Each structure stands twice: as structure tokens, then as C-alpha cells.
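Here the structure is laid out as C-alpha cells; the discussion comes afterwards.
Just so you know, these numbers come straight off a predicted model, no measurement behind them. In what follows, every heavy atom counts, from backbone to side chain, and hydrogens, waters and symmetry copies are set aside.
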There are 2 protein chains.
Amino acid sequence: MSTAGAQQGRGERGRGTAAAGTQAAGTRLDPWLDAYAERAHGMRSSEIRALFSVASRPEVVSLAGGMPNIDGLPMDALAEMSAKLLRDRGAEALQYGSGQGETEIREQVVEVMRYDHVHAHADDVVITTGSQQALDLVTEIFVDPGDVIVAEAPSYVGALGVFRAYQADVVHVPMDEHGLVPAELEATLGRLAAEGRRVKFLYTVPNFHNPAGVTLSEDRRPQVVDICRRHHVLILEDNPYGLLGFDADPMPALKSYDPDGVIYLGSFSKTFAPGYRVGWALAPHAIREKLVLASEAAILSPSRLSQLSVASYLQTFDWYGQIKEFRQEYRERRDAMLGALHEHLPELSWTVPAGGFYTWVTLPEGLDAKAMLPRAVTNLVAYVSGTAFYADDQGADHMRLSFCYPTPERIREGVRRLSVVVRAEAELVELFGTSHDARPHSGIDIPGPDQV
Amino acid sequence: MSTAGAQQGRGERGRGTAAAGTQAAGTRLDPWLDAYAERAHGMRSSEIRALFSVASRPEVVSLAGGMPNIDGLPMDALAEMSAKLLRDRGAEALQYGSGQGETEIREQVVEVMRYDHVHAHADDVVITTGSQQALDLVTEIFVDPGDVIVAEAPSYVGALGVFRAYQADVVHVPMDEHGLVPAELEATLGRLAAEGRRVKFLYTVPNFHNPAGVTLSEDRRPQVVDICRRHHVLILEDNPYGLLGFDADPMPALKSYDPDGVIYLGSFSKTFAPGYRVGWALAPHAIREKLVLASEAAILSPSRLSQLSVASYLQTFDWYGQIKEFRQEYRERRDAMLGALHEHLPELSWTVPAGGFYTWVTLPEGLDAKAMLPRAVTNLVAYVSGTAFYADDQGADHMRLSFCYPTPERIREGVRRLSVVVRAEAELVELFGTSHDARPHSGIDIPGPDQV
């Protein structure tokens, strides 16, 4: 087989052999198509990526992105902080560092997690290139092809991308307005055990869920932990938005109920700035050791300059005061979005997020969020189709609207434009029974990094 | 099986169940031992890592590390540059960016590669978190468990770590003082084809090889490319040191001979500073698309702040002049090392590097570099045992000495201390026939990130 593949491959490359045959040589063909790993066959650009490059034009109101609004950061003071760091400790900051991350930032991460009622030791923290890398590393060390990962329905698109890269089989568990439904989790884990399926972990975003906008209620937290413990299922708790609650202090993290049963992921991307790419995993000790080895194989060490910059920010700025400002800002934007939905699209339903960046909108019967998206972009408004947030074919009746990045005024205008599109679409459905270019859904649509 | 595993796992965790049994609960046991992926079983801390934490004490002369000497960088000017970037473009630099990397830095990377006779387009460049991440991504998209990767003997320890994480089977090909031996490569690829083994790529460091210190001669370059092309084997050309030649301008990269058959990896870690973690891959177009998708799954996007910082450095500083200063500095250190070897250890042999960071030393018959290392550290000098650079049991008769980081004076003192250790060891061998705690070698010894 490998010889035949090599022969074919040589022909396809069409250079270096006299026997290139009738196949046209050209850059459009991939001469290495026969050489990719099994896992690479699932990697493909989704059709909506092209659309998003259109959606990033300034005239389009994008309710699609997950970019934090960092305009409020004190840039001049950060510039001075950065200069001081290089002047005072440049040769250290610009050198290779520890694979686990610098002690200085790991100790501060421990302090940050106290707000989530997590009492940890800096030894068990691994600094990563954004918490996305932590997601990748955890999946790498736990998931063999065909293993099951249980995740909320819907779930974070960037996590689904990682899980697909490791050829995991994602099984969704329903949520309601109080987050993951414990009885559904229990039933799903029971069913999977009865089927002899190997569940490697529960992936969950308990706070201000992306994309669902809901939060796991406090009484459900010990229940979820207990169910997973009884089924010997590890929990991967992803908490990028936890400090961005609009009304109350953070509830205890799942990690606080069972330190040995939970890997907790955190990030400075939403509470400070994503450009540093500093996130972390807090893991049980033995897992932490493997995470460090996996991270060293992947990147040697995370950027020391980034880590010391974030450490310096946490030391010298009123970072929690800044988070309070972010909360206020995002609350205003949420209110603008929900108010505009009430005004322009009262026939739709949506979740009411108590923090974070997103609301999850349910479309009227017959409307298809994925099919409607090109028309929305034509009408200068963008969102993410609900289909992006499932590993299976669900989600066409939903869309995720982000209120994190545009101003309140732009949000209102975006929802107004969206209402025009939804109305037109509903009329089509009424006339023809379906929106006329609805297509079957297959696979996961992965938006680009600035859309997740 | 999964149910039995779950039962055992619960018992081991020893909490949350009444039936913890006689097994002592404690943090030393790993309750998730039964849950790891197949690939994670090969991840383990090597015995020499502990030694290296001793070796990093200031009284030890470390000839082990691969850290560039960045003391010569103009820190005050870099501080000002960094401050200006945040003042002028802070909201941009601190935001999420493109998964492929910023256009600005990709265009400059194209300019940098012209020194290697590579003519590329910025569209085909993918920016990564150091070129280590590029190594990881390429392996991810090409290597299924059991696939063969052909690599030089010896080979870069950090690459071997990645290849092991993806469960590749590494087959080594000998080098001589002119680098990889084409006839040996031809014979190895022929043999593997005859055996029906699937070779996914040749991994090679053509310039100032880590750890061998040799450079692939110019006449061998088209030969290596041609052999791989005939066997339909992709080339992964890793070139972190290419601009650090002491005597001559860079030779043409393998990439320049066959743009469609080579993935080229570059890095700013050795030519500027590793703390930014900015490296890149230049890949044939179809491969580049998959690299971007894999990178987005792994980290969403590389640090925009880091990328714009490096871009700003390349735009506003005499970066090539700085490289010339680095060359001068490293040349002096190489001369100090080779001079000291001549003076103190004339009975040994070593390679004469024309650039880069390392020389590869052959020990006298009967000496074992791995067994000798603890005694070397006791004598306040450290190196990396040759065993770290092979996927099999070779290498005990070699050690890698780095001249990049210590001053010439410290290098001379380090080699002097090493000569004392080698003499004592040789005496032991003469008396007892072997150094007395020589142990069988197994697996790869992976030093930490500051040792590679």
C-alpha cells in the first residue's frame, strides 16, 4: 500500500519524474494528500470562515466575535510597565523559561482563583499559551481516537475543534436556564457505561456559558461533581468568564468541591487582554506532571515576557478594579442587546446572561440560522450559527449573539438589521415552507480565532 | 473493561465512596492512571531532569544549555520600542489575532528567508509559538502511531520528544563531518520501502546541527532533496541557527531546491530572543492550510503582542548587524571551547562547528557519558549525555557541549573541570573494565526546555 501510495504521489507531484503522465502538475493539487495522518482528514476550513472575512469589514455590525473590549485598558501605563520590565529584567524576560511557567505568575494565579473559592498550590499550576493550549494538552494526554467526551449542548466551538482533532466522540448533555441538567448527565453517563463506552472527561463551562449564556446554579454544582465522581469521570472545568459576573460574586468552582477530580482552566484573555496569550491549568498533581511534559514537547516553554508582563500588571495595577469596570461595560452592552431584542424581535426567545459575552437565541420554527447567515451578512450584520456549537447536526434553530465587542449603539443597530433579515426569512418560510437555500448540515463549522 | 477500570479507579481515589478498601488514599497515587491516552504512557520525567535542577546552580558551569546569550541586546532601546508599540497600537497588539499570524511579521519572515535563498510568499508562512510548535503541528498532521520518521543520528532532543508524543517510530541515518550521508539516506529509505514501512518525513537540521555541530555541505543538498523526492518523502527542514555562521554566508536551504517537497521551520529565538516565542513554518500551500487549522485548535492564535514586537524590532533596528555581533560572540566562545578541549582533553575527538551553539564530543572507548554525568555535576560542570539525542540506545559514547551561554572564561574552566572527571573516569575503566555504575540505557532522556 505504501509503495502504491508513493507511486501515485510522485505522479501527482508531477515533477522530478519522467512518468508524471497526463495528470496536470500545479499548485492546486496537494502532492502530500496520501501522507496525512488520520486525524488531519477531519481538519478543513468551514464554509463560514470565508463569510467571516466579509463580516470583519467595518460596515458590518459583528455580533459574531468573542473579542473582549480592551479599549478601557490604561495603555500608557501599560506601555510604561512594559518598558520598565525590559529595562530592569530584560535579559531574564527575553530568555527561555520553565516549561511549567514562571513561579511568579503561578503564585498570582493561585491568588486569582481564590475568588472562585479554589485553594491551590502554585506547584499544581501550568501556564499555557492561552487556556486553549491547556484544552489541547488535556485532550492530548487523555483522549485516544474513539474515546467519549461528554460536553454541554451546545458547547464552546474551540473545544469541539480540539476534540475533533484528537478524534474524540463528543456526546452532548442538555442544559436549561440553570446550566447542565444533573439528571440528564446521570442518564447519559449511565447509558454510556452500559454501552461499554470509555468516557474520558466531562467538558463544562459552568459560568456565563459560551455560547449558551447560562450559569450552572450553585445547588447543581455538588450534584454534577458527585455524579462524575461516582462514574469515575474526570471534569474539565473551563472558566474564562468567571470573574465577569454582572450581579454577584463568583460561585464556588467545581474544582473547589473535588480537587482530585477536576482540572480547572483559567485565562487572562477576558479579564485582562488576550494578546499576551496567558492561560493556565490547575490539575491534580500526577496530571500536572504530564501536562508539563506535553507542553514542553509542544512549545518548550510559554513566553516568559508575556508571563512577566501579566505578573507585573497583577502586582502594580488595580486589576480587580479594572475587572469591575469591564463588568459594568459588558452589563451595559448586554442590556443594550436584550433591550433591542425585546424591541425588534419580540417573537424570538433568548437566554439572559448574568455575565460573560453571549446570549443564545432561539429562532422561530422553520428558520435556519446557517442558511440565513449569508443574507444577514448582506444586510451588514453577522452572528454565529448555532450549528457551530455541536459535534452533531443540531443547532440550526439557534444563533449566538455576542455583546462583548461592539458599542451599545452598534449592538442596537445590529439587532435592528437582524430583525429585518429574520422577518424576510420568516416570510420566505411562510410562502415556501422552508428558507429556499437551506442545505443539510454536516460536520462542525469552526469560525476563526477572533470569532470564538 | 471500562466499568472495571472505573471501579478500580474509585477505589484508588479513596474518597467519596465507603468502599475505598485497604488501599491507602493519598496524593501519591494517581486516580486517573487508567484514563490516560495511549500516547501519554510514553511521557515521563527523565532521570536527568532532576540532575539539571542541580546543574542550574550558579557554581556549576553548564555546558548543557541551549540558551542564547542575549545580554548584548540593546534593552533600553527595546524597552522604548515596546512602550511605543503599546502607546500607538495597544488595543490592536493586546487583542486576539489571526490564527496564521499577522501579515506584517509574515512579510518580514519572507525577507529574512531570502538570506537562505528561499523565495516565498507571506501567504505560505504560519507563525507559531516558537518553531517548536511548528514541529508539533507538522507531526500532528502527518504522523499516525507507528509511522516512520527518518532523522539524523544524532537528532534534536526536542524533536524526538514531539515524535515520541505522536508515537512515531524514528529511524536514524548516519552523518559525517559534512552532515547527513546521502548514500545512507538512500539505503535507509530503500530498505524501509522494501519493508513496506510508511515514511512520513525526513527531519533534518542542515545548518550547525544540534547536537552534532556539523553542516550539510552544499553539494549534498540537491542530493538529499532528490533522494527524498524519488522516494516521495517530505522533508522537514529545521533551521534555527542558519544565520549564525561564523565564516560564510548561509548556503541555500533545502527548501530552495524543492519548494513543494520541503516544509521549512525558522525561529527568532536564536537570532533575536526566545522570550517572545516567535517561530514559523513555510509550507507548501495545502499543508499550510492544515497547519493553520491545527494551530487554531491548539492555541487559537499566537501572541499578537509578541509578533508585533518582533516586527517592530525588524523594522526599526539593525537586526542583521545585531546578528553579526552574535556571530562574533559565539565564534569567540567556540574558539574558547575548542582551545580548551585541545589543551585539557587532547585524547578526545570533537566536531568543529562553523556556526551555531554546539560541539559533539566522542569519549574514549569504555566511557559512558550518561553514567559519568552525576560525577561531572559533583565536579561542578554539566553537559548533555549523547543518549538524549537518539530514539534508540545509542549515544553513551558522546556528549554535547554548548558554548552559547557561558563566557569564554567560564567555558575554559568548565572544560578543565570536565577533563578532571574524564581522567578519573578513564582510570576507573582501566582498573575495573567499566565505569562502576554504568546502567543500561532505555528510552529518551529529555532535558528541560532550557537545556535543548
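- Interface remark: of the candidates B:Ala273, B:Ala298, B:Ser82, B:Ala298 forms the most heavy-atom pairs closer than 4.5 Å to chain A.
- The distance from atom CZ of B:Arg198 to atom CG of A:Asp34, rounded to the nearest 0.5 Å, is 5.0 Å.
- With a 4.5 angstrom heavy-atom cutoff, B:Tyr405 touches chain A only via side-chain atoms.
- In this structure, CG in B:Asp30 is found 6.0 Å from CD1 in A:Ile287, a value given to the nearest 0.5 Å.
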Problem - Trace of the side chain to side chain contact (heavy atoms under 4.5 Å, CB included) decision for A:Ser301 with B:Gln132 - result: CA-CA 9 Å; A:Ser301 60; B:Gln132 184 76 20; over 6 Å; no
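- Residue A:Leu305 comes nearest to B:Tyr276 through the heavy atom pair CD2-CE2, 3.3 Å, listed as atom of the first residue, atom of the second, then distance.
- The two atoms that bring A:Lys200 and B:Tyr36 nearest to each other are NZ-O, 3.8 Å, heavy atoms only.
- Residue contact with chain B, scored on non-hydrogen atoms closer than 4.5 Å, involves the backbone and the side chain of A:Ala91 alike.
- To the nearest 0.5 Å, atom CD1 of residue A:Ile70 and atom CD of residue B:Glu92 are 10.0 Å apart.
- Counting heavy-atom pairs closer than 4.5 Å to chain B, the top-ranked of the candidates A:Ala165, A:Ala134, A:Ser306, A:Pro68 is A:Pro68.
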Please list, one pair per line, the donor and acceptor atoms closer than 3.5 Å that link side chains of residues 135-146 of chain A to other protein atoms, with sequence neighbours excluded.
unit_1   : atom_1 : unit_2   : atom_2 : d
A:Asp136 : OD1    : A:Tyr166 : OH     : 3.3
A:Asp136 : OD2    : A:Tyr166 : OH     : 3.3
A:Thr139 : OG1    : A:Leu135 : O      : 2.7
A:Asp144 : OD1    : B:Glu38  : N      : 2.9
A:Asp144 : OD2    : B:Glu38  : N      : 3.1

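- The backbone N or O of B:Ile299 lies less than 3.5 Å from a partner atom in the side chain of A:Arg277, making a donor-acceptor pair.
- Contact annotation for B:Ala35: both backbone and side-chain heavy atoms come within less than 4.5 Å of a heavy atom of chain A.
- The candidate from A:Ala79, A:Ala83, A:Pro274, A:Ser131 with the greatest count of non-hydrogen atom pairs under 4.5 Å with chain B is A:Pro274.
- When each of A:Arg87, A:Arg304, A:Gln95, A:Lys84 is scored by its heavy-atom pairs under 4.5 Å with chain B, the top score falls to A:Gln95.
- Put simply, the side chain of A:Gln133 never gets that close to the backbone of B:Leu300: no donor and acceptor are under 3.5 Å apart.
- Top candidate by heavy-atom pairs under 4.5 Å with chain B, chosen from A:Asp76, A:Leu234, A:Leu78, is A:Leu234.
- A distance of 4.5 Å separates CG in A:Leu94 from CE in B:Met75, rounded to the nearest 0.5 Å.
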